[in-house]
A.B. asks: 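What follows is a structure written as structure tokens; I'll ask about it next.
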There are 2 protein chains.
Amino acid sequence: MGNRKRIVEMCLDLMNEEGSRAVGTSRIADELGISPGNLYYHFKNREEIVMVIYEDLDADFRAALVEDVHAPISPERFAGFFLRTLQVAWEYRFFFGGMLHLLRRDEELAARYAGLQAWAIDTIEGILTQLIKDRSLTRPKAKTGLRSMAINLWIVWSNWIRFIQVSDPSGEVRRDHLIQGVGQLLDILAPYLDPSFEKAGRRVLTRELKKFAEEAADPAS
Amino acid sequence: MGNRKRIVEMCLDLMNEEGSRAVGTSRIADELGISPGNLYYHFKNREEIVMVIYEDLDADFRAALVEDVHAPISPERFAGFFLRTLQVAWEYRFFFGGMLHLLRRDEELAARYAGLQAWAIDTIEGILTQLIKDRSLTRPKAKTGLRSMAINLWIVWSNWIRFIQVSDPSGEVRRDHLIQGVGQLLDILAPYLDPSFEKAGRRVLTRELKKFAEEAADPAS
DNA sequence: GTCTATACGCCGATAGAC
DNA sequence: GTCTATCGGCGTATAGAC
């Protein structure tokens, strides 16, 4: 039973490292020291492995976004939404990096991801609505403003990792980049946020950055 | 002399249509009715074709962003920046769609695109600074606010087409989607924009949308 | 400049023994 | 469940004739 899981995990690791395109079934088998035949005993084809990984991504992201949702939303929890979900984007970065190609070759995957995207934007809009109820956010003037904001958050969210990777092709992506991404997301909302709410949110980020710096300095992690 | 150019154009068309990964040298030659050997007479390898296309993209984008820059910036020209540059993103959409993979396999391309990105963000920041001088934009409170805004604009800009493609996998991307994208970019700046400036900018978009609707209704285009 | 022909390697996938 | 062996296809790229 173990090999099925090992295949999935190796596939995820390799694809995150080198991009989905660079990783084939033979490569996965090689790296695990198993035979191609064995791999094809566990999976019908390559697509199926990716689909299994996608299902994890889908579930992880939804969980990260709806976790801890009881109203009112505190600044700490709000920053937490962003940081947790960016963490998910990082864990499955191969998918966001090569998304278009993956979706083009697998209609079912395309439909499912389109569904996730639509759900995410709706959910983000819901969170913003809750913030307005909490008086932590002022409503934008235009009636479509909330949705537009949600879309911008989603686009920045789902492309932040790629942006970092492209900015410095030879550099690695670190946790502080993720925290910086949260700051970036917060900046979209900043003009509408209650000042003390915003300040508290930023404080969480500063704290996280400090924690990261300490961990980086102390290799006993 | 003609074939070299035809190869580049066919490559761009095919890749835009089906994604860079789906288009090989043999496919390009086939589609043009020329031989693979002929293609390799004109280009050292596949990478070289992509690089030639990239050079056009690079030049087109820079031109679109620095065109018509004399101060002060009118709302019409400002909307024009966005619309023109999104048009460029559309014309080279294969590149933005498969960017990460392309850059991973070609270090020179990666370096050049990183340079373009850095230049773009600086230039956008410069435009925002000019808007502040013009009193069309109020300066954000945080000192890093302008740069963050420029980065968010860039991320939404460079990923808008993909967002549309993924939102409706079976649908085509139309000009009105691009105009909607400009609205999306404008929404990032909206809270900082002078109200009459913003209104004038939006009016340009409405006019463009109307023009598009008329052209779509009248097939004599 | 353009063609035909072809080499080479890789990858996805299957057959069939153990 | 796992292996060995292998097939077929495709994509890049080259050699050499015209």
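In what follows, chains carry the letters A, B, and so on, assigned in the order in which the sequence lines appear, proteins first and then strands, with residues in each chain numbered from 1. Both backbone and side-chain heavy atoms feed into the values below; hydrogens, waters and symmetry mates do not. Note that the coordinates shown come from a computational prediction; the quantities given were computed from them, not determined experimentally.
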A.B. asks: Taking only side-chain N and O atoms of B:T25, does any of them lie within less than 4.0 angstrom of OP1 or OP2 on D:dG11?
C.D. replies: no
A.B. asks: Are OP1 or OP2 of D:dG1 and a side-chain N or O of A:N3 less than 4.0 angstrom apart?
C.D. replies: no
A.B. asks: Return no unless some side-chain N or O of B:Y41 is found under 4.0 Å from OP1 or OP2 of C:dT2.
C.D. replies: no
A.B. asks: So which nucleotide from D:dA13, C:dG12, D:dC3 ends up closest to the side chain of A:I34?
C.D. replies: D:dC3
A.B. asks: At less than 4.0 Å, is any side-chain N or O atom of A:Y40 found next to OP1 or OP2 of C:dA13? Yes or no.
C.D. replies: yes
A.B. asks: Side-chain N or O of B:N45 versus OP1/OP2 of D:dT12: is the shortest distance under 4.0 Å?
C.D. replies: no
A.B. asks: If you find the nucleotide of DNA chain D closest to A:S35 and the one closest to A:R21, which residue's nucleotide is nearer the 5' end?
C.D. replies: A:S35
A.B. asks: Tell me whether the side-chain N/O atoms of B:N38 come closer than 4.0 Å to OP1 or OP2 in C:dG1.
C.D. replies: no
A.B. asks: For a quick check under 3.5 Å, do A:W154 and A:Q117 share a side-chain donor-acceptor pair by atom type?
C.D. replies: yes
A.B. asks: Would you call B:E214 and B:K211 a salt bridge, taking side-chain N to carboxylate O under 4.0 Å as the test?
C.D. replies: no
A.B. asks: Do A:D60 and A:Y92 have side-chain N/O donor and acceptor atoms under 3.5 Å apart?
C.D. replies: yes
A.B. asks: Can you confirm whether A:E107 is buried at CD, in the sense that more than 12 heavy atoms of other residues, nucleotides or ligands lie under 6.0 Å from that atom?
C.D. replies: no
